[in-house]
Number of protein chains: 2
Amino acid sequence: MKKANITIKDIAKELGVSPSTVSRALKDHPDIGEETKRQINDLAKRLNYQPNTVALSLRQSKTNTLGVIIPEIAHFFFSAVISGIEDIAHDAGYHVIITQSNESFEREVMNTKALFNSRVDGILMSVSRETENYEHLQSLLDYDIPLVFFDRIIDSLNACKVIVNDEQGAYEATTHLIEQGCYRIAHLAGPQNLAISKNRLNGYKAALADNRYMIDDNLIKVCGLGTFEEAESITNEILEYRFPPDAIFANNDVAAYGAMMAIRKKKLRIPEDIAIVGFSNWRFSSLIQPALSSVTQPGFKMGQEATRLLMKQINKGEDEESITETISLKTNLVVRESSKKI
Amino acid sequence: MKKANITIKDIAKELGVSPSTVSRALKDHPDIGEETKRQINDLAKRLNYQPNTVALSLRQSKTNTLGVIIPEIAHFFFSAVISGIEDIAHDAGYHVIITQSNESFEREVMNTKALFNSRVDGILMSVSRETENYEHLQSLLDYDIPLVFFDRIIDSLNACKVIVNDEQGAYEATTHLIEQGCYRIAHLAGPQNLAISKNRLNGYKAALADNRYMIDDNLIKVCGLGTFEEAESITNEILEYRFPPDAIFANNDVAAYGAMMAIRKKKLRIPEDIAIVGFSNWRFSSLIQPALSSVTQPGFKMGQEATRLLMKQINKGEDEESITETISLKTNLVVRESSKKI
DNA sequence: TTTTTTACCGCAATCGGTTGCGCAATCGTT
DNA sequence: AACGATTGCGCAACCGATTGCGGTAAAAAA
């Protein structure tokens with residue numbers, strides 16, 4: 001037997017008062033008499049009255065819901081970010097709607113529209129690999145939808161952003177390899193339309209330059225797909241060079257892992273023959289052998305910070321200046337066996 | 001300059017017709033004249049009219065939203081499930097609200113209530129480790145909220161369930177260890193209030209029994225916390241036995257990894273001295289060394305199946321019999337180095 | 001020309017809750 | 001006793017879209 005959802009009107013009818021009185025009584029409005037309040041509250045409790053948040057959302061043009069658009073949920077970094085988002089959002093009384101683009105531009109646009117139509121109070125997003133057209137994002141800004149980018153941001157858009165200091169992290173990783181005595185350091189780069197990949201490449205170059213190393217374009221290879229098989233085959237190519245590298249700094253841990261596979265199959269030693277540093281410090285990085293050195297990317301914290309920024313935007317007054325803060329989180333190089341030569 | 005959200009009334013006013021006419025025109029109702037329809041559709045497109053789904057939800061008592069309650073988002077298995085959920089839900093035009101209980105009973109109850117108040121059309125959930133009281137879940141059933149449990153199910157509740165065949169998977173894993181010539185097989189079990197842990201333990205016992213092995217309670221240890229440190233210290237205890245085991249079947253891969261750490265620190269060899277099989281086949285399992293044998297748990301598929309079941313419930317008629325199907329997905333033992341003795 | 005049909009469109013209620021305003025009854029004051 | 005103040009509550013509009021029903025005009029049939 002299905003229990004019916006009871007409404008404010010049911011309570012009103014039962015007690016012979018008007019719905020407005022019930023509404024006010026439930027929120028302890030001073031206009032309502034003590035005795036009436038008591039009766040209404042008692043009955044509400046007895047019937048297990050639960051306010052319909054949909055009606056509230058309509059009335060107040062506020063859904064208490066945040067939308068999230070990410071490339072992929074089943075990914076350690078992004079799921080850590082979501083967890084951070086949910087953490088802050090929950091405490092602020094917000095729900096979180098998750099959508100994934102699966103790295104597809106088309107789907108990213110669909111999700112953007114869908115979230116807009118759902119009238120979410122704000123959107124957190126990390127763009128797909130394919131995204132090179134920003135109309136759908138600009139449109140959100142035009143409608144004044146609070147928007148915060150994280151990790152995969154769009155530099156040219158006038159919105160809040162939370163990133164890790166990719167350049168600094170890459171710089172430290174590369175410097176570390178130099179300090180270990182490596183002379184030819186290769187870089188497995190990411191797709192260059194993503195700012196994060198570009199920044200990591202820049203950090204790598206800056207470290208080389210600061211140490212008066214030559215920058216050899218043959219040692220910089222873009223891995224567009226992001227699979228470890230791709231990184232493995234690209235590493236294979238590099239290893240065939242007449243002067244192969246003695247170190248590899250990879251754009252992420254998966255690529256680093258692919259490189260390790262290629263190196264191992266060639267019977268070369270890590271780190272003696274080739275040292276390796278990855279980026280992101282995924283969970284598996286500490287578990288594989290040799291344990292992979294990597295640059296920690298604080299996903300959970302990124303989710304928290306992004307959500308805090310979003311809250312700030314949502315709660316600001318109509319007339320106040322719009323906020324366009326950018327938060328840059330510190331990375332942290334974790335040195336493990338894969339790069340410890342000395 | 002903020003663009004305003006335009007409504008059906010704006011269009012109506014602009015064209016000097018009534019809102020009802022606009023509504024009908026936009027959905028191609030035969031009552032509306034061709035010329036009027038054209039004008040309305042044109043203007044709607046020009047103004048980029050987007051229907052307010054909140055209003056629709058209120059009107060139709062249907063939010064096109066699913067709620068998900070899981071213990072932890074940043075967890076490979078669960079994020080794979082979410083991905084599967086989102087996959088099916090998206091195609092069916094549903095949004096997905098994610099909440100995490102962080103293994104806290106209290107928070108699970110809060111999330112349940114919050115989703116109920118949001119009037120989600122259905123709920124998918126995997127209970128927390130702490131959950132031993134089911135009132136909040138029974139309450140959902142009382143209100144006829146479509147509900148599907150996955151992975152961490154509650155056997156006694158009359159709802160749809162999607163699980164993997166834990167017992168069968170554990171049985172195969174244990175049998176595999178027996179076939180490898182192991183004589184004393186230990187089991188790192190999970191918290192026994194979770195059906196999945198109980199089932200895996202049962203599978204382990206059944207395999208032993210079917211092969212006329214003694215069941216030694218000293219070789220069955222519960223890891224309640226689920227951290228690898230815990231598993232490591234418990235394994236240490238076992239290894240101190242006068243007759244230590246020559247194989248370990250762990251309730252999950254993290255526990256298996258903890259066992260590997262303990263074994264390695266004692267300078268024992270894997271699999272020669274002690275063979276190991278885990279459960280879940282997380283991503284890192286194939287990457288660590290020795291590669292960990294494990295029972296694959298199809299998370300993505302589980303999410304898909306659970307969502308399909310939920311859709312079936314949501315779309316069934318008022319009067320039709322309620323559905324309480326249970327789907328059991330096949331597991332698959334992946335044998336790797338950690339258990340390959342012969 | 002009168003009646004019936006048909007094509008088109010608007011009124012008003014509805015979903016569930018909120019809120020400005022007004023009204024009646026009681027209370028206090030001079 | 002008369003009048004202003006206070007208390008306690010209801011009316012009705014509103015948020016945005018949908019929909020049953022009814023109405024008016026022109027077109028078709030009688």
Side-chain angles (χ1 to χ4, degrees), chain A residues 3-41 43-44 47-65 93 114 116-121 143 318, chain B residues 3-41 43-44 47-65 93 114 116-121 143 318:
Chain A
K3 276 200 210 173
N5 275 330
I6 73 128
T7 74
I8 236 173
K9 292 182 191 168
D10 298 329
I11 300 183
K13 198 172 301 173
E14 179 83 16
L15 263 54
V17 295
S18 79
S20 3
T21 302
V22 176
S23 172
R24 287 193 248 257
L26 289 174
K27 45 187 36 174
D28 206 25
H29 192 286
D31 268 10
I32 307 301
E34 287 307 323
E35 172 60 12
T36 315
K37 272 186 196 168
R38 211 187 40 68
Q39 285 190 21
I40 292 176
N41 280 298
L43 185 58
L47 298 180
N48 188 29
Y49 166 74
Q50 303 289 117
N52 184 327
T53 56
V54 178
L56 273 183
S57 296
L58 178 59
R59 183 78 226 271
Q60 324 203 316
S61 304
K62 180 140 186 4
T63 53
N64 280 287
T65 301
F116 177 81
N117 288 358
S118 300
R119 299 296 193 269
V120 292
D121 295 334
Y143 280 97
E318 247 329 282
Chain B
K3 277 200 209 173
N5 276 329
I6 72 125
T7 73
I8 236 173
K9 292 182 191 167
D10 298 329
I11 300 184
K13 199 172 299 172
E14 179 84 18
L15 263 56
V17 294
S18 79
S20 359
T21 302
V22 177
S23 172
R24 291 189 174 99
L26 289 174
K27 42 187 38 172
D28 206 26
H29 193 286
D31 267 10
I32 308 300
E34 287 307 324
E35 172 60 13
T36 315
K37 272 186 197 170
R38 211 188 40 69
Q39 286 190 19
I40 291 176
N41 280 298
L43 185 58
L47 298 180
N48 188 31
Y49 166 75
Q50 303 289 116
N52 184 326
T53 57
V54 178
L56 274 181
S57 296
L58 179 59
R59 183 81 226 272
Q60 324 201 316
S61 304
K62 181 141 184 2
T63 52
N64 280 286
T65 301
F116 177 80
N117 289 358
S118 300
R119 300 298 192 267
V120 293
D121 294 335
Y143 280 96
E318 242 335 276

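A note on names: the letters A, B, ... follow the listed sequences, proteins ahead of strands, and every chain is numbered from 1. Computed over heavy atoms, backbone and side chain alike; hydrogens, waters and symmetry mates excluded. As the structure is a computational prediction, the values presented were derived from the model and not from experiment.
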Separation of atom CZ in A:Arg38 from atom C1' in D:dG8, rounded to whole Å: 16 Å

Answer whether the closest heavy-atom distance between the side chains of A:Glu35 and A:Gln39 falls below 4.5 Å. yes

For the side chain of A:Ile8, counting heavy atoms from C-beta on, which of C:dC9, C:dG17, D:dG16 is nearest? C:dG17

Between atom CD in B:Gln60 and atom P in C:dG16, what is the gap in whole Å? 13 Å

Can you tell me how far C1' of D:dA17 sits from CD1 of B:Ile40, to the nearest Å? 14 Å

Quick one: on DNA chain C, does B:Pro30 or A:Leu56 contact a more 5' nucleotide (nearest heavy atom)? B:Pro30

Could you tell me whether the phosphate oxygens of D:dC15, OP1 or OP2, come under 4.0 Å of any side-chain nitrogen or oxygen in B:Lys9? yes

A:Asp28 has an atom CG; how far is it from atom C1' of C:dT18, in whole Å? 16 Å

Regarding D:dG20, can its base be found pairing with the side chain of B:Arg24 as donor and acceptor, where the two atoms are less than 3.5 Å apart? yes

Are A:Asn5 and A:Asn52 packed together at the side-chain level, in the sense that at least one heavy-atom pair is separated by less than 4.5 angstrom? no

Side-chain contact check for B:Arg59: nearest option of D:dG16, C:dG20, C:dG16 is D:dG16

Can you find a heavy atom in the side chain of A:Thr21 that is under 4.5 Å from one in the side chain of A:Ile32? yes

Hey, does B:Val17 reach any base, or is it just sugar-phosphate, or nothing, if we go heavy atoms under 4.0 Å? sugar-phosphate

Distance test, side-chain N/O of A:Thr7 to OP1/OP2 of C:dG16, below 4.0 Å: no

If you find the nucleotide of DNA chain D closest to B:Gln50 and the one closest to B:Asp31, which residue's nucleotide is nearer the 5' end? B:Gln50

Check whether any side-chain heavy atom of A:Leu47 sits under 4.5 Å from a side-chain heavy atom of A:Glu14, and report yes or no. no

If you look at every heavy atom in B:Asn48 and A:Tyr143, which pair is closest and at what distance? ND2-OH, 3.4 Å

Over how many whole Å does the gap from A:Arg119 atom CZ to D:dA17 atom P extend? 7 Å

Starting from C1' on D:dC14, measure out to CG on B:Leu58 and report it in whole angstrom. 12 Å

Taking D:dT18, C:dC9, C:dG16 as options, the one with an atom nearest any side-chain atom of B:Thr36 is C:dC9

Once you round it to whole Å, what is the distance between P of D:dT7 and CD1 of A:Ile32? 13 Å

Does the side chain of B:Tyr49 get closer than 4.0 angstrom to OP1 or OP2 of D:dA17 through an N or O atom? yes

Could you check whether any side-chain heavy atom of B:Ile8 comes within less than 4.5 Å of a side-chain heavy atom of B:Leu26, counting everything from C-beta outward? yes

Calculate the interatomic distance between A:Lys27 atom NZ and C:dT19 atom P; express it in whole Å. 6 Å

Any base atoms under 4.0 Å from A:Val54, or only sugar-phosphate, or nothing? Heavy atoms, all strands. nothing

Distance check: side-chain N/O of A:Ser20 vs OP1/OP2 of D:dG10, anything under 4.0 Å? no

On the nucleotide C:dC9, are OP1 or OP2 found under 4.0 Å from the side-chain N or O atoms that B:Ser18 carries? no

